[in-house]
Amino acid sequence: MPTHDHLRTAMNDMARTTEPLAPAEVLHVARRVRRNRRMLAGAVTAAAVVLVTTGIALLTPAKHENNLPPAVTGDAVQQLQNSLSGLADGDYTFTRTGAGWIADVRRGAVHLPDSVLIEHSDTYQVLRTGSGFYMRYLIFGSPEQYDQFRTYFQQHVTGAEGQAAMKVFEQLDGTRWVRADEKKVTAAAADESLSHLDVMAALPTTGQPDATGAGALIAAVTTAERAGDVITGTLDATRQDPALERIFSDPTYLYGVGAKTMPFRATLDDQGRLTEFVVTMPEVRMASQPAGGVEPEPPLIIRVSDYGRTAVQPPPGQVDGELAADVYETLANDND
C-alpha cells in the first residue's frame, strides 16, 4: 500500500511542479481548510495547493435541544424549532449546497435505523445499510491528482508493496464500491493530518438524526418573522458551535460584523415541517482579500423532502472487496 513516507515524497515532488493559486481562487481554498491554516488565504504557496485541495465529505450530525439563546422568543422561532420534528424522525431525503467547510450533498437518503446514503458526487458516496458500511471514493480528490499519484507509485514502488498500492488505487478510483470500517473511516476523517476525508464525520444515527445541518442553523437564529409558510430573519454564525463552524468556515474572519446578522429564509410544508432553509452570505470583508475584491459567495441552501417516504437503501450490487487495515492511514494523509 502507499506508505506515509512514499506519500509524503510523492506530494513534495508534485508540489514543486504545481503553480500557485490565482488570487480569486485563494479565498475559495481558504474557506475549506482547518482554522489554524485559514490565515494562509493572503499568500498561498505552491506547496500549499497540495495541502488544501477541496475535500468531499459529510457534516457532523448535530442534536440541538432547547438551545435557543435566552433573548430570542416568539412564535416564529418556536415554529422553526418545531419544523425540525420531521428530521428527528430520521426518515427524509435532502440536498445541501453552498456551505463553506463541508461539501455539497447531491442527495442524502436517510431511513433510520436501517440505512443512510449520502451522495456527494459520482466519485464520492458513502452508504450504511444493515450492518454494512460501503464507500465509493476517489483517493487524492481529483482525476488529475489520482492519475499523477498512481503513475508515481507505479514508477517508484515495486514488489509486494507496489502490488498492494495498485490494489488501493483500483479500489479507490471513484467508480467502485468497497466495504470499509465506518469507525476507522471516521477516525481517518478526524485525524489532524489534512486529507480529503477531513471534512467527513459520522453518519446520522437515531440519537443524532439530523444530517442536514438545519438544526445548527436554527439554533443560531436571533430574529424571526412568519408570513404564510415562509419564516425570515437573521442568525448569528459566530455562535460557538462546531457544526456552525463547519458550515460557515470562520465567519468572523471572512465577513466581519455581517457574520452576526446573516439573513435566512425558511419554508415549511402544510404540516409545519422544514422543506427549505436558505442563508444569504454577507459581503466578504477579510483584511487580506485581493485588491480587485472577490465574487459574492453563493447562498447556503438546504432542501428536505420525502418525510416518512424515503426508501431503505440496499447494499451495492457489486462490491470490490474490503479495504485493508493499513489503508486507513493513507486515507488520513492522502492530501497532507
Side-chain angles (χ1 to χ4, degrees), residues 1-2 54-61 90-96 102-143 145-146 149-150 163-191 195-213 246 306 309-335:
M1 60 154 286
T54 302
I56 299 181
L58 299 175
L59 170 68
T60 304
D91 188 335
Y92 59 88
T93 300
F94 77 100
T95 64
R96 183 180 60 225
I102 51 178
D104 292 348
V105 176
R106 183 174 68 180
R107 182 173 75 100
V110 179
H111 188 117
L112 298 175
D114 303 298
S115 69
V116 178
L117 170 67
I118 304 293
E119 297 180 352
H120 291 286
S121 68
D122 290 334
T123 58
Y124 195 108
Q125 302 175 28
V126 289
L127 168 66
R128 183 206 297 137
T129 185
S131 60
F133 180 81
Y134 308 87
M135 61 190 300
R136 178 183 292 177
Y137 182 71
L138 178 63
I139 195 168
F140 304 118
S142 73
Q145 283 198 330
Y146 172 89
F149 281 113
R150 188 173 189 276
Q163 293 177 0
M166 288 305 101
K167 178 61 176 176
V168 173
F169 279 99
E170 289 174 3
Q171 288 185 316
L172 302 179
D173 68 352
T175 70
R176 313 173 196 221
W177 285 101
V178 60
R179 283 189 299 272
D181 185 316
E182 182 177 357
K183 291 183 179 179
K184 291 181 179 179
V185 170
T186 302
D191 192 286
S195 91
H196 290 291
L197 283 178
D198 272 4
V199 291
M200 178 179 168
L203 298 179
T205 65
T206 53
Q208 296 179 318
D210 177 14
T212 70
R246 295 171 72 84
D306 293 331
R309 301 194 308 272
T310 299
V312 175
Q313 303 299 306
Q318 182 173 345
V319 179
D320 189 15
E322 184 164 357
L323 286 181
D326 51 4
V327 174
Y328 295 96
E329 180 184 1
T330 302
L331 290 174
N333 296 285
D334 76 331
N335 196 35

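These figures come from a predicted structure and were not determined experimentally.
With His120 contributing its side chain and Asp104 its backbone, the two residues share a donor-acceptor pair below 3.5 Å. Looking at Arg107, its side chain never comes within 3.5 Å of a backbone N or O of Leu117 through a donor-acceptor pair. At least one donor-acceptor pair closer than 3.5 Å links the side chain of Asp91 to the backbone N or O of Thr310. When atom types are taken as modelled, the side chain of Thr206 and the backbone of Pro113 share no donor-acceptor pair closer than 3.5 angstrom. Side-chain atoms of Tyr328 come within 3.5 Å of backbone atoms of Asp181 as a donor-acceptor pair (strictly under, hydrogens ignored). Checked by atom type and distance alone, the side chain of Thr123 never pairs as donor or acceptor with a backbone atom of Gly174 at under 3.5 Å.
Taking all atoms of both residues into account, the shortest heavy-atom contact from Gly321 to Val178 is O-CG2, 3.3 Å. The two residues Pro204 and Ala211 come nearest to each other via the heavy atoms CG-CB, 3.6 Å. Across all non-hydrogen atoms, the minimal contact from Leu138 to Pro143 is CD2-N, 3.6 Å. The two residues Leu127 and Pro315 come nearest to each other via the heavy atoms CD2-CA, 4.3 Å. What you find for Gly213 and Asp210 is that their closest heavy atoms are N-OD1, 3.4 Å. For Arg128 against Phe133, the heavy-atom pair with the smallest separation is CB-CD1, 4.2 Å.
With rounding to the nearest 0.5 Å, the separation of CG in Asp173 from CZ in Arg150 is 8.5 Å. One finds the CZ atom of Arg106 at 13.5 Å from the OH atom of Tyr124 (value rounded to the nearest 0.5 Å).
Taking 4.5 Å as the limit, every side-chain heavy atom of Arg96 sits out of range of all side-chain heavy atoms of Ile118. Residues Leu323 and Met135 are in side-chain contact: their nearest non-hydrogen atoms beyond the backbone lie under 4.5 Å apart. With contacts defined as side-chain heavy-atom distances shorter than 4.5 Å, the pair Val327/Leu172 qualifies. Side-chain contact check for Gln125 versus Tyr134: every heavy-atom pair is 4.5 Å or farther apart. In this structure the side chain of Thr129 never reaches within 4.5 angstrom of the side chain of Pro314, judged on heavy atoms. Looking at heavy atoms from C-beta onward, Phe149 lies out of side-chain contact with Ile139 at the 4.5 angstrom threshold.
Taking the six-membered ring where tryptophan is involved, the planes of Tyr92 and Phe94 are tilted, since the angle between them lies from 30° to 60°.
Glu170 is linked by a side-chain contact (heavy atoms from CB on, under 4.5 Å) to Lys167, Arg176, counting only residues two or more places apart in sequence or in another chain. For Tyr146, the ring pair (Phe, Tyr, Trp, His ring centres under 6.0 Å) partners two or more places apart in sequence, or in a different chain, are Phe169.
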Stepwise, does the salt bridge (charged side-chain N to carboxylate O under 4.0 Å, His left out) test hold for Arg136 with Asp122? CA-CA 8 Å; Arg136 178 183 292 177; Asp122 290 334; over 6 Å; no
